[in-house]
Amino acid sequence: MPELPEVETVMRGLDAKLTNRVITAASLNRPDLRWPIPAGFAAALTGATVTGFRRRGKYMFMRLNTGASVLIHLGMSGRMIIDAPFALHEHLTLETNEGCRIGFVDPRRFGALDLIATNDEDTHRLVAGLGPEPLGNEFNAPMLLEALTGRKNPIKAALLDQTLVAGIGNIYASEALFRAGISPRRLAGQLGAKRVDRLVPAIKTTLTEAIAAGGSSLRDYVQPSGELGYFQHAWKVYDRAGEFCERCPQLPACSGIRRIVQTGRASFYCPQTQG
DNA sequence: CTTTAAGCCTGCAGGC
DNA sequence: TGCCTGCAGGCTTAAA
């Protein structure tokens with residue numbers, strides 16, 4: 001479940017291994033993931049020098065000295081492996097002039113790879129409609145309050161709408177709402193300025209801390225297994241149904257963290273501290 | 001316009 | 001042990 005912090009961490013790991021290196025070989029092992037991968041994809045990478053990376057929401061872009069950019073989306077199960085044995089479901093393999101081997105592995109194939117002719121990646125159909133970056137200045141309380149006005153779905157569902165704000169997924173939606181003390185069941189249009197004022201910094205802090213955890217845990221972001229970017233998470237409510245949240249006294253009166261399903265997705269929250 | 005359900009795909013956990 | 005079912009989730013498309 002790569003969300004913004006995981007994508008950011010994976011991207012930093014790729015940056016450390018690929019930027020300013022030459023891709024000496026690129027092999028695509030199937031013609032499609034979620035969508036067809038354009039003909040000539042591997043050829044466009046081969047021989048190119050990587051000039052840098054950029055992230056937008058849960059998408060990352062690898063920029064090449066040819067003027068083209070490569071869109072990479074990890075989907076649900078996508079991961080990057082470095083100098084690891086060829087893996088099952090390894091759909092793309094890159095080699096650099098320094099002898100580094102990078103594999104893109106995605107069993108469920110919800111991910112995507114695409115070629116963008118220029119470095120103007122925001123014109124791509126998959127990112128053109130995205131909302132603001134949650135860690136940017138454009139994402140602030142007045143903006144969010146305005147965007148939520150009139151919305152009738154629960155705030156948890158609204159936060160998953162990538163056109164509202166880009167990069168929040170199912171896990172960090174629950175985490176941010178816990179931090180803000182807001183129930184995931186509250187209707188998005190009914191938050192009011194006070195709760196929105198808490199929610200915006202809660203989102204920023206939650207994401208920033210997760211990125212920091214990824215950055216500090218491992219040198220070059222590479223696990224011993226060769227897997228890139230994942231790290232020990234310390235989720236406060238996600239997947240912790242029945243446990244006591246950190247704000248609750250551990251008393252029999254407290255029922256603990258609850259799991260509910262909203263629009264088909266699991267949400268976790270503490271009924272005692274989230275209104 | 002907003003919101004929801006289905007579908008894509010595979011691995012894994014749980015039940016029998 | 002092994003089969004079967006259901007669930008997990010990001011994102012799009014279709015439909016309400």
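The figures that follow rest on heavy atoms only: side chains count, while hydrogens, waters and symmetry mates do not. A, B, ... follow the sequence lines: proteins, then strands. Residue 1 opens every chain.
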| task | Apply the test side-chain hydrogen bond (donor to acceptor under 3.5 Å, both in side chains) to residues A:Glu121 and A:Ser69: give CA-CA distance (whole Å), side-chain angles for both, the deciding distance (0.1 Å), then the verdict. | result | CA-CA 7 Å; A:Glu121 299 100 355; A:Ser69 285; 2.8 Å; yes

| message | Looking at A:Phe178, I'd like to know if the NZ or CZ of A:Arg247 sits under 6.0 Å from its six-membered ring centre while staying within 45 degrees of the ring's axis. | response | yes

| Which of these nucleotides, B:dT3, C:dC11, B:dC9, is closest to any side-chain atom of A:Arg108? | B:dC9

| Euclidean distance, atom CG of residue A:Asp106 to atom P of B:dT10 [Å, nearest integer] | 10 Å

| said: Just the rounded figure in Å: distance from P of B:dT2 to CD of A:Glu146. | reply: 11 Å

| query | When you check the gap from the basic side-chain N to the acidic O, do A:Asp15 and A:Arg55 get nearer than 4.0 Å? | reply | no

| message | Report for the helix from B:dT2-C:dA16 to B:dC16-C:dG2: angle between first-end and last-end helix axes, five pairs each, rounded to 10 degrees. | response | 50°

| Closest non-hydrogen atom pair, A:Pro2 against A:Lys58 | O-CD, 4.0 Å

| request: Decide if atom CZ of A:Arg185 counts as having more than 12 heavy atoms of other residues, nucleotides or ligands within a radius under 6.0 Å. | output: no

| Side chains of A:Gln262 and A:Ser267: is there a donor and an acceptor less than 3.5 Å apart? | yes

| task | Round to the nearest Å and state the distance from A:Phe110 atom CZ to C:dC7 atom P. | result | 15 Å

| A:Tyr238 has a side chain; which of B:dG11, B:dT3, C:dG9 sits nearest to it? | C:dG9

| field | For atom CG of A:Leu160 and atom C1' of C:dG9, their distance in whole Å | value | 10 Å

| Taking 4.0 angstrom as the limit, do A:Glu209 and A:Arg179 come out as a salt bridge? | yes

| task | Round to the nearest Å and state the distance from A:Leu4 atom CG to C:dC11 atom P. | result | 11 Å

| message | Tell me the interatomic distance from A:His91, atom NE2, to B:dT10, atom P, rounded to whole angstroms. | response | 8 Å

| message | If you compare all heavy atoms of A:Leu4 against all heavy atoms of A:Gly57, which two are closest, and at what distance to 0.1 Å? | response | CG-O, 4.2 Å

Shorter than 3.5 Å, N or O on both sides, protein versus nucleotides 12-14 of chain C: list them out with atom names.
from	atom 1	to	atom 2	distance (Å)
C:dT12	O4'	A:Arg34	NH2	3.3

| Any side-chain N or O of A:His89 under 4.0 Å from OP1/OP2 of B:dT10? | no

| note | A:Ile171 atom CD1 is separated from C:dG9 atom P, nearest whole Å, by 7 Å

| request: Would you mind reading off the distance between A:Arg109 atom CZ and C:dG9 atom C1', rounded to a whole angstrom? | output: 16 Å

| request: Give me the ring orientation class for A:Tyr59 and A:His73: parallel if the planes are under 30° apart, tilted from 30 to 60°, perpendicular past 60°. | output: parallel

